[in-house]
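Only this structure's heavy atoms are used, side chains among them; waters, hydrogens and symmetry mates stay out. Everything numeric here is computed off the predicted structure, so don't read it as measured data.
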Amino acid sequence: MDFKSRIKRVGVTSVCIVLCMTALAESVDTSQGIFEPSFRTLQVIAEGDEFAQPIIALGDPASHLTVSFDEIADDRRFMRYELIHCDALWQPEGLVASEFLDGFNEGIVEDYEHSRATLVQYVHYTITIPNREITITESGNYVLRVYDEADPDRTLLQARFGVCDYTAGVHAGVSPLTDIDANRNHQQVSLTVDLQHATGVDDPFNDLKIIVSQDGRHDNEVLLTTPQRVLGSNVIYEHLRQLIFPAGNEYRRFETVSTTYPGIGVDAITFDSPIYNMRLFTDTPRAGRLYTYDSTQHGRFFIRQSSSSRPDTEADYVMTHFALEMPELPDADIFLDGDFTGRSFSPLSRMVYNHATGCYEQSLMLKQGAYNYQYLTVPHGSEKGLTAPVEGDFSQTTNEYTIRVYHRPRGSRFDRLIGAGTVSTAY
């Protein structure tokens, strides 16, 4: 074989390798959640602030992220973790570790504690990023994947978070006066991205991607690729149909902080060895009713135990029973939505209709704490949840909108997270 033929053959082989790596990257599931039934209570907390978005600042030694979770077990499991760099839509970009990390892309899950004085025995684990093993060198979206040492291909759980360089400023507002209705069922977001201190953004109309999410939900996130206009260093997104969101309703809430007295939203407590059962008050649809304000955690949950200052290891697990009284919907499913379900439409979060009681029902083993939840209706064949059928849509609702700004410079192989911000409705 002559030299030119060899070069041609090597070139074809290289292209095939690249295509195979790309296909492999795109096939990886990067959703946040728990994939093993013995694990529970996945939390991702930035800067120690339970209300903060899971985003840390690139290069700031004081900026850190904590990923915590439990395994219902008597003994410690030996686990490791790795990071996956993803694009703006959480698709793996096929980068090697040296392109976004300083150090090896493998950490040992070594921070753990056994539960104390609980009926349900569990082991509580904590991972802090960055740490002495892993230092992140590039901004962007990241997935932390935890796996068993004895079976590296078996994913136990995954957590999403962002690393931002904050070179772009984000200024946003929310209004009930939308381009489709006024003070009724929707809210409209407007935002400006200030690129004064950002470098390398040569074409804002093509180089930027903006992701807008409502209350931490993934199913109704909005992707913006084209601004309405650019004025100097300001890139403006307003009067865009994609930025009109159904307003929803305030999240429902309950508290299971004590096993001796019912907390908020709890109708009855019973002990059926070896676990406490907490039956929540039966819910009914709020669509068609008058709007009523209630304090909200925007779908979050906080681990709490009334007689303990260390609830991470001293809060117990209780079987929590949900019931929603309403006629069965023939062409849709109803799901529990909140951080405690991983914001996913899975069999665990799906309500099951009980014809004997006339209720949608579901039972979940949850750690004691304060929880926010709502009911989302998902039409068959759809992947987007609707608040209107059960919760109703009210323009007065207190919602939290998170904006993320991504930039892929020309010639770059990945999306950088250059700006992030949060705006809440306040009327």
Quick check: [Y] with [X] (ring centres under 6.0 Å apart)?
X: Tyr122; Y: Tyr317; value: yes
X: Tyr353; Y: His355; value: yes
X: Phe51; Y: Phe302; value: yes

Does any donor atom in the side chain of [X] or [Y] lie under 3.5 Å from an acceptor atom in the other side chain?
X: Asp316; Y: Gln305; answer: no
X: Arg289; Y: Thr284; answer: yes
X: Ser258; Y: Thr260; answer: yes
X: Thr192; Y: His171; answer: no
X: Arg116; Y: Thr313; answer: yes

Short side-chain to backbone donor-acceptor contact, [X] and [Y], under 3.5 Å:
X: Gln158; Y: Thr155; result: no
X: Gln187; Y: Thr397; result: yes
X: Gln362; Y: Leu348; result: yes
X: Asp219; Y: Gly385; result: yes
X: Asp393; Y: Gly248; result: yes
X: Gln188; Y: Ser175; result: no
X: Glu238; Y: Val189; result: no
X: Arg40; Y: Pro37; result: yes
X: Thr30; Y: Trp90; result: yes
X: Asp415; Y: His407; result: no

Which atom pair, heavy atoms only, marks the closest approach of [X] to [Y]?
X: Asp181; Y: Asn185; result: OD2-N, 3.4 Å
X: Ala168; Y: Val193; result: CB-CG1, 4.0 Å
X: Val44; Y: Ala159; result: CG2-CB, 3.6 Å
X: Thr118; Y: Ala315; result: CG2-O, 3.7 Å
X: Ala332; Y: Pro379; result: CB-CA, 3.8 Å
X: Leu324; Y: Pro285; result: CD1-N, 4.1 Å

Within a strict 4.5 Å, meaning less than it, do heavy atoms of the [X] and [Y] side chains meet?
X: Leu195; Y: Val235; result: yes
X: Phe161; Y: Ile55; result: no
X: Asp60; Y: Leu58; result: no
X: Val352; Y: Glu361; result: no
X: Asp75; Y: Val123; result: no
X: His380; Y: Asp333; result: yes
X: Thr259; Y: Met278; result: yes
X: Thr320; Y: Leu280; result: yes

Could you point out which residue of Ile211, Asp207, Ile418, Leu223 forms a side chain to side chain contact (heavy atoms under 4.5 Å, CB included) with Tyr406?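 It is Ile211; the other options fail the test.
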Nearest 0.5 Å please: distance from the [atom1] atom of [X] over to the [atom2] atom of [Y].
X: Thr425; Y: Tyr401; atom1: OG1; atom2: OH; value: 7.0 Å
X: Ile129; Y: Ser63; atom1: CD1; atom2: OG; value: 12.0 Å
X: Ser349; Y: Asp337; atom1: OG; atom2: CG; value: 8.5 Å
X: Phe281; Y: Arg252; atom1: CZ; atom2: CZ; value: 13.5 Å
X: Thr292; Y: Asn249; atom1: OG1; atom2: CG; value: 8.0 Å
X: Glu221; Y: Thr402; atom1: CD; atom2: OG1; value: 9.0 Å

Please determine if [X] and [Y] form a salt bridge, counting it only when a charged side-chain N lies under 4.0 Å from a carboxylate O.
X: Arg154; Y: Glu36; result: yes
X: Glu400; Y: Arg300; result: yes
X: Glu250; Y: Arg253; result: no
X: Arg76; Y: Glu71; result: no
X: Arg304; Y: Glu50; result: yes
X: Arg408; Y: Glu93; result: yes

In sequence, state the C-alpha distance, the side-chain angles, and the governing distance for Asp111 and Tyr125, and then conclude on side-chain contact (heavy atoms from CB on, under 4.5 Å). CA-CA 6 Å; Asp111 188 352; Tyr125 297 90; over 6 Å; no
Apply side-chain contact (heavy atoms from CB on, under 4.5 Å) to the pair Asn141 and Arg160, showing each step before the final yes or no. CA-CA 7 Å; Asn141 284 345; Arg160 290 177 172 182; over 6 Å; no
Take His124 and Asp70, measure what side chain to side chain donor-acceptor pair (under 3.5 Å) needs, and give me the verdict at the end. CA-CA 4 Å; His124 179 71; Asp70 299 337; 2.7 Å; yes
Which residue, Arg132, Arg77, Arg80, forms the salt bridge (charged side-chain N to carboxylate O under 4.0 Å, His left out) with Glu110?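 Of all the options given, the one that passes is Arg132.
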For Thr126 and Glu113, run side-chain contact (heavy atoms from CB on, under 4.5 Å): C-alpha distance rounded to whole Å, both residues' side-chain angles, the deciding distance at 0.1 Å, then the answer. CA-CA 9 Å; Thr126 303; Glu113 291 183 89; over 6 Å; no
When you look at Arg416 and Asp165, which way does the salt bridge (charged side-chain N to carboxylate O under 4.0 Å, His left out) test go after all the steps? CA-CA 8 Å; Arg416 290 175 165 85; Asp165 64 25; 5.9 Å; no
Could you walk me through whether Tyr142 and His85 pass the ring pair (Phe, Tyr, Trp, His ring centres under 6.0 Å) test, one step at a time? CA-CA 5 Å; Tyr142 285 86; His85 196 289; 4.8 Å; yes
Single hit among Tyr251, Phe335, Phe254 for ring-ring contact (aromatic ring centres under 6.0 Å, His included) with Tyr373: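 The single option meeting the ring-ring contact (aromatic ring centres under 6.0 Å, His included) with Tyr373 is Phe254.
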Verdict with reasoning, Tyr293 to Thr398, per side-chain contact (heavy atoms from CB on, under 4.5 Å): CA-CA 8 Å; Tyr293 172 77; Thr398 306; 3.6 Å; yes
Parallel, tilted or perpendicular: rings of Phe340 and Phe322 (30°, 60°):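 Geometry flag for Phe340 against Phe322: parallel rings.
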